[in-house]
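Proteins come first, then strands; the chains are lettered A, B, ... in the order of their sequence lines, and each starts at number 1.
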Amino acid sequence: MSMLLLERLRSRPEEVRDMLRRRRLDESLVDRFNELDERWRAAKRRLDEARHRHNVVSRRVPRAAPGERDALIAEAKRLNDEIRALEEEANALERAREEVLWSFPNLIHDSVPTCPEGVDSVPVRFGGPPPIVYEGHLEQFVRQTEGFGVGHTVVGRRPIGHADLLENVLKMGDTAKAGEVAGSRFYYVFDDIVWLDFALSLYALDILTRKGFRPVIPPYMLKTDVIRRVADYNTLRDAIYRVEGDDLVLIGTAEHALAAYLYRRELLEDDLPILLVGWSPCFRREAGAGSRDLKGIFRVHVFHKVEQFVFSLPEDSWRWLEEITRNTEEIIGGLGLPYRVVNLCAHDLGAASAKTYDIEIWMPAQGLYREMASCSNVLDWQSYKLGVRVTRKDMSRQYVHTLNCTGLATTRTITAILENYQREDGYVEVPKALRQYLEQFPNAPHDYISPRNVK
RNA sequence: GCCGGGGUGGCCGAGCGGCCCAAGGCGCGGGACUGGAGAUCCCGUCCCCGUCAAGGGGGCGUGGGUUCAAAUCCCACCCCCGGCGCCA
């Protein structure tokens, strides 16, 4: 829910209906809201009028003659009963109205495609080095790069999947034992993989702090009342871990904790933009993922991520979306990984997002571009619920816009490095950009990650 | 966890049952003055309903309660500061 949307609902409800249609959601939400909104406003007017009458009577009491006094108090008491009844009605309507309002997804930008069944995103551009394509994947590679003429290297041997490489060749991961003690989608990783994870975090933090982002480690848990303000809680419900005994949830992304940093804050125009780069573990139940990506560390319950977050002036947010997307491309491209940027279709957008670019890395063993980063303009959908406003130079107040963009999902990026940098002998080259973050540690990998049994 | 002190508008801060609907200051915006700036002066600056009108309602950490009337009294909870305890 956002202020922009509330205005649109009252002025041009047809556009909101159209937005819901594009998202493949129920359009009748608009009518339900408008009906409740009208009834609430009418009830509020009646309530305010009753309170006014009560105030008039009550204010006369101290100056009333003794004889008149009791009559006035009796009248005030009677009005109190009336007010109580009207309050109940107005409150119930307000709650219902609020609930419907909060269930609205964000508006959608004009540049977001509306797609036919089976299409979830539209490629925008390709970057990074030419992908390594196993000859058996050639056909699907062409399909995924159609119209862009992406240069590539065809190889006759199918690269080993990251999971197999990690556990059986490098012997630096153990998901079987993790499954036994914690459950599926958990992992133990060891040795060079640990160093790699830290190096990736430092690399991304280094680049982003140089661009003016302030590094931050946020709380890894949030109150449920707060998570409801920054996320589409109804949808995320099953994806979020709840903490037993406390009214807390584990964050699925630093985005939510970073957005909440300015909860109920009033800003001055000169305070913006506020650029944050968070590092945090992310906790996701992955309910509904079924048996997809069950092997390895691609889709897991706990992973690490560096996250860009921007609070901006409303008129600047679309420029910021491009900017932070470019930042992540620079990070991923700088690692020497082939990627593409896709524009998510309207029906695939998260409720909070008005437009999302995903950045997908080519995975040579799968023959697919897979999601590694996601960048969204949330407009005032979060800031409205959080109450993050800016007082403009002309003294008007607006809700700020928020944007988020993966800087680097380190755990998942490791899977991409393992597949893109592996050699036939099982060695995995360390991306050049990471070496300066590893060289000072004698036990960290420097040029290659060596199979455990070979070293 | 225990004891004590405290939470008021973007910020600081007065008020501690009705005398009018939160004083005053800072910051910010507009205007006057100025060749321009500064200083000074005037106006505005919490939220909601209402045609960004007239007008009305609500709001003083949160939620209850007492009262015709609560920022002001009572209860519970939350948060901050100080001391003690517990743990690392």
Side-chain angles (χ1 to χ4, degrees), chain A residues 1-12 33-102 217-229 243 245-249 257 260-274 311 313-315 380 383-400:
Chain A
M1 172 49 213
S2 77
M3 196 65 205
L4 292 168
L5 181 66
L6 181 58
E7 286 162 0
R8 195 71 55 94
L9 270 165
R10 285 174 173 168
S11 59
R12 285 171 286 168
F33 172 77
N34 281 333
E35 193 218 325
L36 282 167
D37 192 39
E38 257 169 58
R39 285 174 59 200
W40 168 70
R41 285 149 97 176
K44 170 152 169 58
R45 185 160 40 251
R46 268 176 282 137
L47 173 61
D48 283 353
E49 280 163 7
R51 280 174 168 163
H52 176 59
R53 274 179 279 139
H54 177 267
N55 285 344
V56 168
V57 172
S58 174
R59 278 198 274 255
R60 280 171 60 197
V61 170
R63 274 167 294 159
E68 202 186 356
R69 198 187 166 90
D70 290 345
L72 286 175
I73 289 175
E75 169 68 1
K77 281 187 175 176
R78 194 193 61 73
L79 281 165
N80 268 340
D81 292 339
E82 193 182 327
I83 287 169
R84 225 179 305 278
L86 287 168
E87 264 175 355
E88 236 165 83
E89 189 192 348
N91 288 343
L93 282 167
E94 188 173 4
R95 270 195 304 274
R97 170 188 180 273
E98 188 93 332
E99 199 186 310
V100 173
L101 202 51
W102 277 36
I217 296 179
Y220 303 156
M221 300 176 204
L222 293 172
K223 296 179 183 177
T224 54
D225 171 60
V226 171
I227 200 88
R228 279 171 45 87
R229 293 168 195 273
V243 177
D246 287 286
D247 184 31
L248 291 169
V249 300
Y261 176 60
L262 259 38
Y263 181 38
R264 304 218 283 193
R265 268 284 279 277
E266 300 285 346
L267 302 164
L268 264 14
E269 190 163 330
D270 291 339
D271 295 334
L272 296 170
I274 292 172
F311 294 92
L313 289 171
E315 65 268 29
D380 64 353
S383 67
Y384 176 80
K385 296 191 213 179
L386 286 169
V388 185
R389 295 186 307 175
V390 55
T391 304
R392 302 304 301 256
K393 293 283 191 214
D394 67 357
M395 290 308 285
S396 67
R397 281 173 197 230
Q398 292 173 321
Y399 289 97
V400 306

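The side chain of A:Arg397 approaches B:G10 more closely than any other nucleotide in the set B:G18, B:G10, B:C49.
Counting any heavy atom pair closer than 4.0 Å across all strands shown, A:Arg59 reaches a base atom. Here A:Arg60 lies out of heavy-atom contact (under 4.0 Å) with every strand. When heavy atoms are screened at a 4.0 angstrom cut-off, A:Ser58 is found touching base atoms of the nucleic acid. Using a 4.0 Å heavy-atom cutoff across all strands shown, A:Arg10 reaches sugar-phosphate atoms only and no base atom.
Listed by residue number, the members of residues 42-52 of chain A with any heavy atom below 4.0 angstrom from RNA chain B are A:Lys44, A:Arg45, A:Asp48, A:Arg51, A:His52.
Between the C1' atom of B:G65 and the CZ atom of A:Arg84 lies a distance of 11 Å, rounded to the nearest Å. We find that CD of A:Gln398 is positioned 17 Å from P of B:G10, with the value rounded to whole Å. The nearest whole Å value for the distance from the CG atom in A:Leu79 to the P atom in B:U67 is 17 Å. Atom CZ in A:Arg264 sits roughly 17 Å away from atom P in B:G7 (whole-Å rounding). Nucleotide B:G9 holds its P atom 14 Å from the CZ atom of A:Arg265, rounded to whole Å. Whole-Å rounding puts the A:Asp81 CG to B:U67 C1' distance at 14 Å. As rounded to whole Å, 14 Å separates atom C1' of B:G61 from atom CG of A:Asp225. Atoms CZ (A:Arg95) and C1' (B:G63) sit 14 Å apart, rounded to a whole Å.
Using a distance-only test at 3.5 Å, with no hydrogens or angles considered, a donor-acceptor pair links the side chain of A:Ser383 to the main chain of A:Val400. Distance alone, capped at 3.5 Å, places no donor-acceptor pair between the A:Asp48 side chain and the A:Arg45 backbone.
If you find the closest nucleotide of RNA chain B to A:Arg97 and to A:Val56, the one lying nearer the 5' end belongs to A:Arg97. Positionally, the nearest nucleotide of RNA chain B for A:Arg53 lies more toward the 5' end than for the other of A:Lys77 and A:Arg53.
Salt bridge status for A:Arg265 with A:Asp271: absent, with no side-chain N to carboxylate O gap under 4.0 Å. A:Arg78 and A:Glu75 are joined by a salt bridge, as a carboxylate oxygen and a charged side-chain nitrogen come within less than 4.0 angstrom of each other. Looking at A:Arg53 and A:Glu82, a side-chain N of the basic residue comes within less than 4.0 Å of a carboxylate O on the acidic one, giving a salt bridge. Taking a cutoff of 4.0 Å between a charged side-chain nitrogen and a carboxylate oxygen, A:Glu89 and A:Arg46 qualify as a salt bridge.
Heavy atoms of other residues, nucleotides or ligands lying less than 6.0 angstrom from CD of A:Glu99 number 12 at most. In this structure, A:Glu269 places its CD atom where more than 12 heavy-atom neighbours from other residues, nucleotides or ligands lie under 6.0 Å away. Other residues, nucleotides and ligands place no more than 12 heavy atoms under 6.0 Å from the CD atom of A:Glu38.
The C1' atoms of B:A32 and B:A37 are separated by 16 Å, rounded to the nearest whole Å. A gap of 10 Å separates the P atoms of B:C16 and B:C73, to the nearest Å. Separating the P atom of B:C21 from that of B:G15 is a span of 16 Å, rounded to the nearest Å. A distance of about 40 Å separates the C1' atoms of B:A22 and B:G36, rounded to the whole Å. If you take atom P in B:G61 and the same atom in B:G6, they sit 13 Å apart, rounded to whole Å. Across the P atoms, B:U62 and B:C78 are found 15 Å apart, a figure rounded to whole Å. Nucleotides B:G64 and B:G59 are separated by 11 Å at their P atoms, to the nearest Å. Spacing between B:C47 and B:C42 at atom P, rounded to whole Å, works out to 25 Å.
Among the duplex regions that RNA chain B forms, those built from at least three successive Watson-Crick or G-U pairs under 3.5 Å are B:1-7 with B:78-84, B:10-12 with B:24-26, B:27-32 with B:40-45, B:46-49 with B:55-58, B:61-65 with B:73-77, ordered by first number.
Using a 4.0 Å cut-off, no side-chain N or O of A:Asn55 falls inside it from OP1 or OP2 of B:C21.
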Worksheet item: Can you check side chain to side chain donor-acceptor pair (under 3.5 Å) on A:Gln398 and A:Arg392, steps first, answer last?
Response: CA-CA 7 Å; A:Gln398 292 173 321; A:Arg392 302 304 301 256; 2.7 Å; yes
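The ring-ring contact (aromatic ring centres under 6.0 Å, His included) test applied to A:Tyr399 returns A:Tyr384, not counting sequence neighbours.
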